[in-house]
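Order of the sequence lines fixes the chain letters, A, B, ..., with proteins taken first and strands second; residue numbering starts at 1 for each chain. Owing to the predicted nature of the structure, the values given are computational and were not obtained by experimental measurement.
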2 protein chains.
Amino acid sequence: MSLTESIKRQSLHEELVERVRNLVVDNTLKPGEKVPEKDLCEAFGVSRTPLREALKVLASEGLIVLQANRGARVTRVTREELDKTFPVIAALEQLAGELACQRLDDAGIERIEAEHAAMMKAFHAGDRQSYFLANQNIHNALIEAADNDILEMHHRMLAVRVRRARFMANLSDARWVQAIEEHEQMIARLRDRDAVGLGQLMKTHMLNKRQAHFAALDAGAGNETDN
Amino acid sequence: MSLTESIKRQSLHEELVERVRNLVVDNTLKPGEKVPEKDLCEAFGVSRTPLREALKVLASEGLIVLQANRGARVTRVTREELDKTFPVIAALEQLAGELACQRLDDAGIERIEAEHAAMMKAFHAGDRQSYFLANQNIHNALIEAADNDILEMHHRMLAVRVRRARFMANLSDARWVQAIEEHEQMIARLRDRDAVGLGQLMKTHMLNKRQAHFAALDAGAGNETDN
DNA sequence: AAAGTTAATTATGAATTCATAATTCAGTCA
DNA sequence: TGACTGAATTATGAATTCATAATTAACTTT
């Protein structure tokens, strides 16, 4: 990432921010669920103080919500929230596309093409798991290529909230084909070093993804565990 | 802002996040300075625990940096960081411009025009202070009009870091004229409800602002207090 | 007198304690 | 039997305490 974290090993609360964030992202802690303070303390072998510091940070990221005297709960991502979030991610990805196009050298482009190839392979094999991973790798690589820590950080904050929804699993075949086409175009723009074009594509790609998410939401509604 | 904070009064640490953030924003705590934990505790009449929770949150926002066993310091905004931050703000303002244009009703536009008029008055009076305020009001109004909490939050996080630099004070006359012209154009696009045009303008407006900041930085370099 | 070394002080990270708000559960009464 | 009241339990927010790292001050040695 950046150079500010070269030597120093993380403090307890930083470590905990990551750990708990991962629990949320990988759906171990499900949306709406209470964050079990005591259990986590025992599991990680730390006292409540650093854990609670971590929870405050995660709350400021919007990943959990703190209710006064009622502890923390994993944020339930509502349709409205997704609706608001995607345009912002789209705007950031547009910028990332433009910057990446300007900054990537040939080797960098080749690396992304390789990942793209892996993604295509997963697509033709019908392997959603691998596709999902490769797809994420490509987006992350483009963000990273933009070489802008601020952009990267804000993108990550937003991506985490959306990715958690994990709707990629119930991706429709039609949308899958469309997404693949969009990626093909993106690669083409990247090869041509058409910065504005790539940016535009990444933006619409993300907005289309929003539609797909909503379609999936409407289809298999209300399958999350509560309480 | 949103409806999630209707009834509940803030917890101590939330209150402290705001208070300390304000200290940083209004330059009471200057870049590079140590955040005096003990003094703040006494000033606010709280124990270290909630204050430290607040510091963790502010650190995650990037407003301060925590050094292991060496306390917190106000982040020094480097030229590089500004350079990275402005394009991201620009991307968000572009989006805000587009959305605001779509969402604002006539009354809303009139309110912004009124603020614009106030800004012009300040300009002609050469009143930098009032200009700065009105300018900020306009940008905030447009962001708010976009009606997107996520966008608003991320914009605020970034704006705080930049605004802190307070270079508006040493705004050059030439840049001031240019900024005014850009604002005139923005208002025109808003009247025409040209969403894409307004977005584009807000983006370039912000990128031009970056240039102005850099010019100011180069001119009056190194007038910040250290240590 | 200057530089290096060690002791004292202070500040910090984390654990623990404490007071209080929220929840659970038993008991009561309709 | 079911709803309500109130005590017991639990969880939470915040203060305090404790161990250790960092800084400062004093002292030694050349």
Enquirer: Give the rounded distance in Å between these two atoms: CG of Leu51(B) and P of dT16(D).
Expert: 14 Å

Enquirer: Could you encode protein contacts along nucleotides 7-12 of chain D as a string, one character per nucleotide from 5' to 3', using B for base contact, S for sugar-phosphate-only contact and - for no contact, with a heavy-atom cut-off of under 4.0 Å?
Expert: ----SB

Enquirer: Regarding dA14(D), can its base be found pairing with the side chain of Ser47(B) as donor and acceptor, where the two atoms are less than 3.5 Å apart?
Expert: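 Checked by distance alone, the answer is no.
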
Enquirer: Which pairs count as ring pair (Phe, Tyr, Trp, His ring centres under 6.0 Å) when at least one residue sits in residues 69-101 of chain B, sequence neighbours excluded?
Expert: Phe86(B)-His213(B)

Enquirer: Got a sec, which pairs hit salt bridge (charged side-chain N to carboxylate O under 4.0 Å, His left out) with one end in residues 85-96 of chain A, sequence neighbours left out?
Expert: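 Not a single pair qualifies under salt bridge (charged side-chain N to carboxylate O under 4.0 Å, His left out).
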
Enquirer: Enumerate donor-acceptor pairs with a distance under 3.5 Å from any side-chain N or O in residues 15-24 of chain B to protein atoms, sequence neighbours excluded.
Expert:
{"from": "Glu15(B)", "atom 1": "OE2", "to": "Arg19(B)", "atom 2": "NE", "distance (Å)": "3.0"}
{"from": "Glu18(B)", "atom 1": "OE2", "to": "Gln10(B)", "atom 2": "NE2", "distance (Å)": "2.9"}
{"from": "Arg21(B)", "atom 1": "NE", "to": "Glu61(B)", "atom 2": "OE1", "distance (Å)": "3.3"}
{"from": "Arg21(B)", "atom 1": "NH2", "to": "Glu61(B)", "atom 2": "OE1", "distance (Å)": "3.3"}
{"from": "Arg21(B)", "atom 1": "NH2", "to": "Glu61(B)", "atom 2": "OE2", "distance (Å)": "2.8"}
{"from": "Asn22(B)", "atom 1": "ND2", "to": "Glu18(B)", "atom 2": "O", "distance (Å)": "3.3"}

Enquirer: Return the value, rounded to whole Å, for the distance between atom CD of Glu53(A) and atom C1' of dA14(C).
Expert: 8 Å

Enquirer: Looking at Thr75(B) and Gly62(B), what are the two nearest heavy atoms and their distance?
Expert: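 Of all heavy-atom pairs spanning Thr75(B) and Gly62(B), the closest is OG1-O, 2.9 Å.
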
Enquirer: Who passes ring-ring contact (aromatic ring centres under 6.0 Å, His included) against His116(B), sequence neighbours left out?
Expert: none

Enquirer: dA22(C) C1' sits how many Å from Leu66(A) CG, rounded?
Expert: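 These atoms are roughly 16 Å apart.
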
Enquirer: Could you list all the ring pair (Phe, Tyr, Trp, His ring centres under 6.0 Å) pairs where at least one residue sits in residues 19-73 of chain B, not counting sequence neighbours?
Expert: none

